2 protein chains.
Amino acid sequence: MNIDLNAAHEEFRRYLKKEKHRITPERFEVLDYALEFEGHFGADELFLKMKNNNSNVSRATVYNTLELLAACDLLAKRNFGENKTRYEAKYGRKSHDHLICTNCGSIKEFSEPAIEKIVKEISEKLGFEPTGHSFNIFGKCTNSNCKMRQNEQNNS
Amino acid sequence: MNIDLNAAHEEFRRYLKKEKHRITPERFEVLDYALEFEGHFGADELFLKMKNNNSNVSRATVYNTLELLAACDLLAKRNFGENKTRYEAKYGRKSHDHLICTNCGSIKEFSEPAIEKIVKEISEKLGFEPTGHSFNIFGKCTNSNCKMRQNEQNNS
DNA sequence: TTCAGTGCAAAAACTTTGCAGGAGG
DNA sequence: CCTCCTGCAAAGTTTTTGCACTGAA
């Protein structure tokens, strides 16, 4: 875990240098908190978590740094239709897409190689240079808590 | 065009009845404006357009009605990663997904039957009942205006 | 008659911006 | 030493909510 963290720092440092951004302690603090987060998180959520841990990093810096981390592929930028940007640690992880339960909000991941192939084919056909994609499946999951909520709603 | 509009009204009426929502003139006014819109639009955008046309329908009603129209499949609800909900007339149209140029913001549509197959397979495998999906490819388009902007950015 | 739906304005949630001061290169 | 980055607070954008009133069933 610590090895990963150092390697991630190193990668971020390289990116910042290459793009002529300054190397500041705040940026690495954001990176640490982001990688520590399990699952998806919003920018404000991360900012508040840092604030609660007595970090002095400002909201503006958190928002700005998350953009940089997404740009250099240490984080993935997501949007699950809630009108807020979500991030997810990507460093060293396999790329994947998501199933989102519209009833209980739970999110499952899946990998399907055929999707990359489709991205390539469609882009080529339409004269487009793809840089990424987002594929979300919406529906109802079979989680028992979820079913409970469905029944509650039906009864109300 | 007028025939479509009447048929859409009829479908919306049926839906409202079935779900025990009241049938109000405001809701049909929103439907008319929504179907009239070319391409994608945001809720506030539609509200303002209506307001400028001297409609009295309130912001709250527009937001509420667009949800209903998406729920009954007359509109499709989209999100292209700008943290705002976008809608698009779906009535009588073939389902499709989108290519989004991150440089100039233009949006192209494509249809790829294999995607539905993937949605089905993945959902079945993971114990999930799909109700819809969103598939967006991000990248750079070859539109000439777009290339111009890219060059501007590189030169700055 | 009843209560879901409406208009309006205020609040909420998330993000961006402006500015003055501070530190990285 | 220059200017990019930072913290802070204010403003911006989109969406939701509270409340009193109205009109559909």
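Naming convention: chains lettered A, B, ... in sequence-line order (proteins, then strands); numbering from 1 in each chain. In what follows, every heavy atom counts, from backbone to side chain, and hydrogens, waters and symmetry copies are set aside. For clarity, every value in this text was computed on a predicted model and none was experimentally measured.
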Within one Ile-Leu-Val-Met-Phe-Trp-Tyr cluster: Y63(A) and L46(A), side-chain cutoff 4.5 Å: no
Where at least one partner belongs to residues 96-106 of chain A, residue pairs that pass salt bridge (charged side-chain N to carboxylate O under 4.0 Å, His left out), sequence neighbours excluded: none
F128(B) side, atom CZ; I100(A) side, atom CD1 - distance, nearest 0.5 Å: 7.5 Å
Listed once per pair and sorted, the side-chain hydrogen bond (donor to acceptor under 3.5 Å, both in side chains) pairs that draw on residues 14-23 of chain A, sequence neighbours left out: none
Sidechain-backbone polar pair: E11(B) side chain, A8(B) backbone, donor-acceptor under 3.5 Å: no
side-chain contact (heavy atoms from CB on, under 4.5 Å) evaluation trace for C101(B) with I107(B): CA-CA 6 Å; C101(B) 178; I107(B) 296 172; over 6 Å; no
Centroid separation H98(A) to F80(A) less than 6.0 Å: yes
Bend angle of the helix from dT1(C)-dA25(D) to dG25(C)-dC1(D), end axes from five pairs each (to 10°): 40°
Nearest-Å distance for atom pair CG/P, residues L68(A) and dC4(D): 14 Å
Between H96(A) and E88(A), a side-chain donor and acceptor under 3.5 Å: yes
Contact boundaries on DNA chain C for chain A, cut-off under 4.0 Å to non-hydrogen atoms: dC14(C) to dG25(C)
Sequence-aligned protein contact record of nucleotides 20-25 of chain D, with B where the base is within under 4.0 Å of a protein heavy atom and S where only the sugar-phosphate is: ---BBS
Heavy-atom protein contacts under 4.0 Å, nucleotides 10-17 of chain D, coded B base, S sugar-phosphate only, - none: ----SBBB
Test item: H9(B) and D32(B) side chains (from C-beta on) under 4.5 Å apart, heavy atoms: yes
Atom pair distance, as rounded to whole Å: CG in N64(A) and C1' in dC4(D): 11 Å
